[in-house]
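Source: prediction; values computed, not measured. The chains referred to below are lettered A, B, ... by the order of the sequence lines, with proteins before strands, and numbering in each begins at 1.
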There are 2 protein chains.
Amino acid sequence: MSADEHHATKDVPAVSRAVAILDLAARSDEPLTLADVARALGLPKSSAHGLCATLANLGLLRRRGGAFVLGGHVMRWANAFAARSDVAEEFSRLWDETPALRVETLTLTILDGADVVYIASRHGEDPLGITFRIGMRLPAAFTATGKAMLSTMEINEVRGLYRRGLPAPMTERTVRTLDVLEEELDEVRRRGFSIDDHQVRDGMVCVGAPVFDFSGERAIGGFAISILDPNVETDRIATLGADVIRYARLLSQRLGS
Amino acid sequence: MSADEHHATKDVPAVSRAVAILDLAARSDEPLTLADVARALGLPKSSAHGLCATLANLGLLRRRGGAFVLGGHVMRWANAFAARSDVAEEFSRLWDETPALRVETLTLTILDGADVVYIASRHGEDPLGITFRIGMRLPAAFTATGKAMLSTMEINEVRGLYRRGLPAPMTERTVRTLDVLEEELDEVRRRGFSIDDHQVRDGMVCVGAPVFDFSGERAIGGFAISILDPNVETDRIATLGADVIRYARLLSQRLGS
DNA sequence: CTTGAGTGTTCAATATGTTGAACGTTGTTC
DNA sequence: GAACAACGTTCAACATATTGAACACTCAAG
């Protein structure tokens, strides 16, 4: 977005500042003082004061002594955002109706830039050692759901996302270059499902497949099954792959694909 | 909050308006046009235009054709809000470590005004017919976790929350008056656990207990076990009650209580 | 106990965001 | 195809939000 190029493209400054304050609070490990906010964002103290007071009155920040932390109002929007997603609802229904799915961990994500965002998860009976929280973000290139969604995109769009290179690796096995990622995406298209073999977490293997809606073009979400099995056998991956394709198709069919 | 009484109490109007737009988008079943926003909030069209463009640029709204829906940026804040809660982390750990808990549905809420907000949930093997989504809100007076938390509060504070009466009932069994609620809270204190017997949903019975942190005063959260059993027997409730007390205490101990 | 540094709060002058009017676009009706 | 209504977009005049300066408060150091 070319800033200040044209009147109409200029953001409302107070709103931008307020969002920057909330982002700062989200990133911060401890409550933020007014002085912290003014310093970190380069704001006059009186401006920081007015904005923080407003955010506190609106329930977006909460005062803890003289400092601020994120308030609960954000959860109203998060709830609405997650609920608005038809695919999340279908995911919940699928889980309720399919006892066989309860052993492994299931997740559903959407793509946001080069990240996946978790919009639904059901942790299985077998522990993974990782909790996929709603709202959590991970690099799409590394996750099973992300690879599944990327594989439905035009190659130039994928290259556009990674023109400055891939994110920092998370394990020894994490994909590091765009060339290798493109080869992986070719394999996903051929096989029909994606594999995250220890790329996000050592020992964790995930298979994923894209979920489509009625438009049937690019994926609107990614569905994955995850297990913790450092030495998983090839035929188990094939079985899980068949499962994830089947259930992702079932989700897609319910969404009019 | 006495509006306009004093300079310092006046909110930043653009921020209030932006939040009102996001609240409207959260409430709306369909994408909102600029005209919808201007009309619903009584804003000039050009002001609505500028605010919506700004929110879209910041990722808080997303354009769908010529209309707007909530954007994914809210999930960054929701994730941070939920992750910030130590009690949610301990809840996840408890689930991972305790296979016996996997049969029923477990939930964890915090109190926000007269509502509970779900900050963690694990759906059990037995289906409930209701999905507790993170961020979801329900009236505290009706839920097991809410009653558990209310029971640790000063009675005048409870009366303050309900000075205008209880919310609209959700079932035939929902508590309707403050007097009855106070009796229920007396029973919770005596018994050590709360019961939602079909007050939120027909057929669903939940038991709850408060969770404390190191301060040990009022509850910081409520923990509940939920089952779908229209004709649950008294001794099953007692067993679930003992369980919920035990696990809530375990959570509390881990939080320094 | 005093002093100094850093914090939060207040308010009128000043810089600038808001908005009414105008215009272009789109879709519906006749 | 024309006319009309409702929409989205633009921009300069004007209403008002922002902020520098000042002050009160709190806490730590000496």
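Per the geometry, CG belonging to L41(B) stands 15 Å off P belonging to dT18(C), to the nearest Å. Between the C1' atom of dG8(C) and the CG atom of L61(A) lies a distance of 16 Å, rounded to the nearest Å. The distance from atom CG of L43(B) to atom C1' of dG17(C) is 14 Å, rounded to the nearest whole Å. Atom-to-atom, CG of D11(B) to P of dT9(C) comes out at 14 Å; the value is rounded to the nearest Å. Atom CG in L32(A) sits about 15 Å away from atom C1' in dG8(C), given to the nearest Å. Distance, D36(A) CG to dG6(C) C1': 12 Å, rounded to whole Å. The nearest whole Å value for the distance from the CG atom in L34(A) to the P atom in dT19(D) is 14 Å.
One finds no side-chain N or O of R17(B) lying less than 4.0 angstrom from the OP1 or OP2 phosphate oxygen of dG17(C). Remark: H49(B) is in phosphate contact with dT9(D), judged by side-chain N or O atoms under 4.0 Å from OP1 or OP2.
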Filtered N/O pairs between nucleotides 20-22 of chain C and protein, under 3.5 Å:
unit_1, atom_1, unit_2, atom_2, d
dG20(C), N7, S46(B), OG, 3.4
dG20(C), O6, S46(B), OG, 2.8

Identify the pairs formed between an N or O of the protein and an N or O of nucleotides 3-5 of chain C at a distance under 3.5 Å, and give each distance.
none

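Nearest-nucleotide positions on DNA chain C for A35(A) and P13(A) put A35(A) closer to the 5' end. With DNA chain C read from its 5' end, the first of the two nearest nucleotides for T33(A) and V12(A) is the one closest to T33(A).
Nearest heavy-atom pair, L150(B) versus R189(B), reported as atom, atom and distance to 0.1 Å: O-NH1, 4.5 Å.
Using modelled atom types, no side-chain atom of T109(A) and backbone atom of V116(A) make a donor-acceptor pair closer than 3.5 Å. Side-chain N or O atoms of S194(B) include one that pairs as donor or acceptor with a backbone N or O of G208(B) at under 3.5 Å. In this structure, D36(B) contributes its side chain and T33(B) its backbone to a donor-acceptor pair below 3.5 Å. In this structure, the side chain of S252(B) engages the main chain of F212(B) through a donor-acceptor pair within 3.5 Å. A distance-only check finds a donor-acceptor pair linking the side chain of T54(B) to the backbone of V12(A) [under 3.5 Å].
Within the model, atoms CZ of R201(A) and CG of D196(A) stand 11.5 Å from one another, a figure rounded to the nearest 0.5 Å.
Using a 30° and 60° split on the angle between ring planes, F223(B) and F91(B) fall in the perpendicular class, above 60°.
Applying the salt bridge (Lys or Arg N to Asp or Glu O under 4.0 Å) definition to pairs two or more places apart or across chains, none involves residues 40-53 of chain B.
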